[in-house]
S.K.: 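Shown below is the structure under consideration.
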Amino acid sequence: MDSSEEYEDSGNESSGEDVEFAMERDDRAANERNPEDDYPFSVLSTKDIVEHMVDSIREANTVLQLPPTTMRILLNHFGWDREKLLEAYYDGDQEQLFRDARIVNPTVTRAPVIIPASGVEECEICYLTKRSEMMYGMECGHRFCKQCWSEYLTTKIIEEGMGQTIACAAHNCPILVDDKTVTELVTDPKVKLKYQHLITNSFVQCNRLMRWCPSADCTNAIRVQWVDWRPVTCACGFTFCFQCGHGWHDPVKCQWLKKWLKKCDDDSETSNWIAANTKECPKCGATIEKDGGCNHMVCKNQNCKADFCWVCLGPWDPHGSSWYNCNRFDELEARSARDAQERSRAALQRYLFYCNRYMNHMQSLKFEHKLYASVKDKMEEMQQHNMSWIEVQFLKKAVDILCLCRQTLMYTYVFAFYLGKTNDSAIFEDNQKDLESATEKLSEYLERDITSENLADIKQKVQDKYRYCESRRQVLLDHVHEGYEKDLWAYNTTIL
Ligand SMILES: [Zn+2]
Ligand SMILES: [Zn+2]
Ligand SMILES: [Zn+2]
Ligand SMILES: [Zn+2]
Ligand SMILES: [Zn+2]
Ligand SMILES: [Zn+2]
């Protein structure tokens, strides 16, 4: 194999980009810092990955000059680290190197395979006598009929999902099957494609600077120049953290998020209970179901109509005021706990407090996706009232910002859970509260209030609200990042 053509293109065509989204991205780039400026990355399709792999093989071969198919196995053995391979090749025991990589040493001249004068051989798998053209063997010299080889490879690839580590069909022969062999003996295009996926998969997984896009059904990979805790956005639109592969989780760092997710997983019963969509009105006890992202609830009981907060079940009115704390856990009780039982009860309450808020924003985020549909109707209506397509885009932009804010808020509760008390943690909580209150105002406005007002007025109000949200979000994130740089954040020592 000496060109990418030997690998078939798996036909990864990115779906034609939606005009609306293209438009949106330009708008965003103008207003916000573009993360690509200081963290360059590229999106690779399956075809790009194969090309990249072939390039790596070719590059290494400018020095070693081995058959490309042998080189691929060697490079893979060294985690696609060319320097490591060259070092081992020139400084170590070459014979040992090939043995470890399970390749027949290509530099040693071997006796040619002797084809019997009769022109027929017996296959040791099916015991049929076949003509020599129907037989095949790799460098190790074990020969079987092509039919048996093909069945053997198909089983390994399809049923066992093996690509990189298929050994010769002979009993106890460690030599790895090379790409040339698979290309020659497997005819079913489905099996070939699967093999190619398996090979590229191990190429991407070995390569520290590459990562598959974690979005379902997406076959792209992202390549970066150095590994970092940074967001990368795939051509499919999904933004994720390159370092850990989770959806982008600013402001909490990967290791805390990982701990948190494990905790939620271990306590899944608690999380499911929290995630329930119904609660009782704190005033009259009527069952209230949440069907939107907004957390300002109004009791549907006509005699009650109480305004309350879905998260803390407290009255809604004081949520905007400076003394009310919906986002700050009161640690006093936890600190005064005397015995182990009291401490563990306080720890559970603390966890429930943060988990509740985390889950709630996650859930609201899911509901906001419903908002896109209703906003789209509104946008169409506006276009019938003499507004151009471009002029009504502010509504979609507003929902985009709302979703960003929900996502940030969600992870602020993970950050806060692990955060120890300092002066800066108090500033952080104030920022969190401001962002939360601005986000709830935008959410409520978009969900309930844009009905009969005049259109120009709506536009101004919506833009003011989302710009304010975005500025609060930026303030919060900048403060947390500054804290990371100056090493201001302490780990909360009260966590059991
Ligand atoms: Zn056979
Ligand atoms: Zn063999
Ligand atoms: Zn993707
Ligand atoms: Zn991460
Ligand atoms: Zn009520
Ligand atoms: Zn509240």
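When a ligand or atom number is given, it counts from 1 through the structure's own listing order. For the numbers below, each heavy atom of this structure counts, side chains included, while hydrogens, waters and symmetry mates do not.
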S.K.: Please work out the angle at the Zn ion (ligand 5) defined by atom SG of C284 on one side and atom SG of C304 on the other, rounded to 10°.
M.R.: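 Value, to the nearest 10 degrees: 110°.
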
S.K.: Could you grab the angle centred on the Zn ion (ligand 5), going from SG in C299 to SG in C281, to 10°?
M.R.: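 Angle SG(C299)-the Zn ion (ligand 5)-SG(C281): 110°, rounded to 10°.
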
S.K.: Suppose you place the vertex at the Zn ion (ligand 4); what is the angle out to C254 SG and C244 SG, to 10°?
M.R.: 120°

S.K.: Please state whether the separation between the Zn ion (ligand 4) and some N/O/S atom of H246 is under 2.8 Å?
M.R.: no

S.K.: Do you see a donor-acceptor pair shorter than 3.5 Å between the side chains of H361 and N295?
M.R.: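 No, because no side-chain N or O of H361 sits under 3.5 Å from a partner of the opposite role on N295.
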
S.K.: State, without any angle test, whether N327 and Q432 hold a side-chain donor-acceptor pair at a distance under 3.5 Å.
M.R.: yes

S.K.: Tell me whether R82 forms a cation-pi arrangement with F78, defined as NZ or CZ under 6.0 Å from the six-membered ring centre and within 45 degrees of its axis.
M.R.: no

S.K.: Has K253 got its NZ or CZ under 6.0 Å from the middle of the six-membered ring of Y484, at an angle within 45 degrees of the ring axis?
M.R.: yes

S.K.: Taking the Zn ion (ligand 4) as the vertex, how big is the angle to NE2 in H249 and SG in C241, rounded to 10°?
M.R.: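 That angle is 110°.
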
S.K.: Quick one: do the E436 and Y413 side chains pair a donor with an acceptor below 3.5 Å?
M.R.: yes

